[in-house]
Number of protein chains: 2
Amino acid sequence: MTPKNQKAKAVSKVCCGTARDIPLSERDADELAAVFTALSDPVRLRLLSIISSAPEGEVCACDLVTPIGKSQPTVSHHLKILFEAGLVDREKRGVWVWYRAVPERMSAVASRLR
Amino acid sequence: MTPKNQKAKAVSKVCCGTARDIPLSERDADELAAVFTALSDPVRLRLLSIISSAPEGEVCACDLVTPIGKSQPTVSHHLKILFEAGLVDREKRGVWVWYRAVPERMSAVASRLR
DNA sequence: AGTAGATATTGACAACTATCGATATTCTAA
DNA sequence: TTAGAATATCGATAGTTGTCAATATCTACT
């Protein structure tokens with residue numbers, strides 16, 4: 001356990017202290033990890049960057065396939081993951097689906113990194 | 001492409017505008033995604049939470065195995081991933097390895113979420 | 001109704017990852 | 001130098017994930 005008497009970074013012979021409990025609960029860790037998993041793919045990050053920077057605040061899904069350079073099912077799959085993570089919102093209008101960023105969600109996640 | 005003339009959110013028959021280029025480059029997306037991948041595991045998040053909240057600013061690896069409840073090789077593996085992502089720093093002192101958080105790295109990542 | 005276009009779902013496959021037991025490496029102390 | 005302890009690496013395995021082709025679903029228009 002915790003090496004004690006680490007004065008001036010000297011090496012002590014005593015090791016390993018009492019186990020404190022973990023600040024982040026298992027449940028919270030699972031939830032947070034889920035969001036980071038949604039952010040852990042370069043294609044999704046690029047999708048997010050397009051959606052977040054849209055001048056009109058929203059982007060049609062049809063405008064995402066070509067620039068991203070992946071198949072339509074793949075883009076649809078990634079958008080679903082971003083949506084389920086709460087990072088984007090969507091609205092169906094006619095045949096098209098419009099995506100918008102959820103900045104509160106992003107800042108909430110960002111704040112968990114201190 | 002982009003449906004035009006979306007007055008009052010009406011559905012237009014014109015779709016899909018010109019492809020703008022993507023704000024986030026492929027290279028930047030890859031790098032960012034790598035950090036989020038490091039953050040996408042609950043065990044690593046809990047390790048980070050322990051290390052970040054250490055009163056002395058550092059934690060001995062030997063103090064992480066028992067609370068986390070995983071095998072020593074597994075904890076070592078996760079610590080390596082956190083280290084390689086730049087999220088923690090480490091220093092070997094004698095037989096022990098001491099880990100500390102890298103808050104600048106965390107805020108740098110956090111700021112990429114706006 | 002019937003057609004055409006946009007998006008979602010399914011199924012399959014390759015690549016990656018978390019995990020552990022066993023083992024190797026590194027360091028201290030006797 | 002030998003023993004013992006802390007950490008890292010290796011090898012194997014089960015589970016997850018990104019990708020696409022094929023297909024289904026939904027909507028608008030004729």
Side-chain angles (χ1 to χ4, degrees), chain A residues 1-6 9-17 26 29-30 33-34 36-47 58-66 68-85 88 90-99, chain B residues 1-6 9-17 26 29-30 33-34 36-47 58-66 68-85 88 90-99:
Chain A
M1 306 280 155
T2 302
K4 292 164 187 167
N5 302 321
Q6 286 287 326
K9 294 191 174 176
V11 175
S12 162
K13 56 181 74 171
V14 185
C15 178
C16 299
E26 201 164 351
D30 284 344
F36 284 129
T37 298
L39 291 167
S40 70
D41 182 274
V43 171
R44 288 195 288 273
L45 290 179
R46 301 192 85 194
L47 285 170
E58 58 184 4
V59 181
C60 175
C62 61
D63 276 331
L64 295 171
V65 175
T66 303
I68 283 294
K70 300 285 178 184
S71 72
Q72 179 271 321
T74 295
V75 172
S76 180
H77 169 245
H78 286 306
L79 288 171
K80 182 181 187 179
I81 289 177
L82 289 173
F83 174 74
E84 288 175 342
V88 301
R90 68 182 170 198
E91 183 187 348
K92 186 165 192 175
R93 297 212 290 279
V95 237
W96 297 295
V97 180
W98 296 84
Y99 286 85
Chain B
M1 308 275 160
T2 303
K4 292 166 187 168
N5 303 320
Q6 286 288 327
K9 294 190 175 178
V11 175
S12 160
K13 58 180 71 168
V14 185
C15 178
C16 299
E26 201 164 351
D30 285 343
F36 284 129
T37 299
L39 291 167
S40 70
D41 183 276
V43 172
R44 288 196 288 272
L45 290 179
R46 300 191 86 193
L47 286 171
E58 57 183 5
V59 181
C60 175
C62 61
D63 276 331
L64 294 171
V65 174
T66 303
I68 284 295
K70 300 286 177 182
S71 73
Q72 179 271 323
T74 295
V75 173
S76 179
H77 169 245
H78 285 307
L79 289 171
K80 181 181 187 179
I81 290 177
L82 289 174
F83 174 74
E84 289 175 341
V88 302
R90 68 181 168 199
E91 182 185 350
K92 186 164 192 175
R93 297 212 288 278
V95 232
W96 297 295
V97 179
W98 296 84
Y99 285 85

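Lettering of chains follows the sequences in order, A, B, ..., and the numbering in each one begins at 1.
Contact between the side-chain N/O atoms of A/R90 and the OP1/OP2 oxygens of C/dA8 is found at a separation under 4.0 Å. Side-chain N/O atoms of B/K80 include one lying less than 4.0 angstrom from OP1 or OP2 on D/dT9.
Atom CG of residue B/D30 and atom CZ of residue A/R46 lie 8.5 Å apart, to the nearest 0.5 angstrom.
Computed from coordinates, the B/E91 CD to D/dA8 P distance equals 14 Å when rounded to whole Å. A/L64 places its CG atom 13 Å from the P atom of C/dA6, with the value rounded to the nearest Å. Rounded to whole angstrom, the span from the OH atom of B/Y99 across to the P atom of D/dA6 amounts to 15 Å. One interatomic measurement links the two molecules: CD1 of B/I68 to C1' of D/dT7, which rounds to 16 Å at whole-angstrom precision. When the P atom of D/dA8 is taken as reference, atom CZ of B/F83 falls 10 Å away, rounded to whole Å. Look at CG on A/L47: it is 14 Å from C1' on C/dT7, rounded to the nearest Å.
Considering every non-hydrogen atom in both A/R44 and A/A38, the closest pair reads NE-O, 2.7 Å. Here the closest non-hydrogen pair linking A/C60 and A/W96 is SG-CD1, 3.6 Å. Looking at every heavy atom in both residues, A/L39 comes nearest to B/F36 through O-CD1, 3.3 Å. In terms of heavy-atom proximity, B/L79 sits nearest to B/A61 at CD1-CB, 4.3 Å. When every heavy atom of B/D41 is checked against every heavy atom of A/A33, the shortest pair comes out as C-CB, 3.9 Å. What you find for A/R90 and A/K80 is that their closest heavy atoms are NH1-CA, 4.4 Å.
Put simply, the side chain of B/Y99 does not reach to within 4.5 Å of the side chain of B/L82, judged on heavy atoms.
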Once each nucleotide of nucleotides 22-27 of chain C is scored for protein heavy atoms under 4.0 Å, what B/S/- sequence comes out, 5' to 3'? B---SS
Quick test: give all pairs of protein nitrogen or oxygen and nucleotides 14-18 of chain C nitrogen or oxygen below 3.5 Å, distance rounded to 0.1 Å.
unit_1	atom_1	unit_2	atom_2	d
C/dA18	OP1	B/R44	NH1	3.3
C/dA18	OP1	B/R44	NH2	2.8

Donor-acceptor list for residues 68-75 of chain A side chains, cut-off 3.5 Å, not counting sequence neighbours:
unit_1	atom_1	unit_2	atom_2	d
A/S71	OG	A/T74	N	3.3
A/S71	OG	A/T74	OG1	3.0

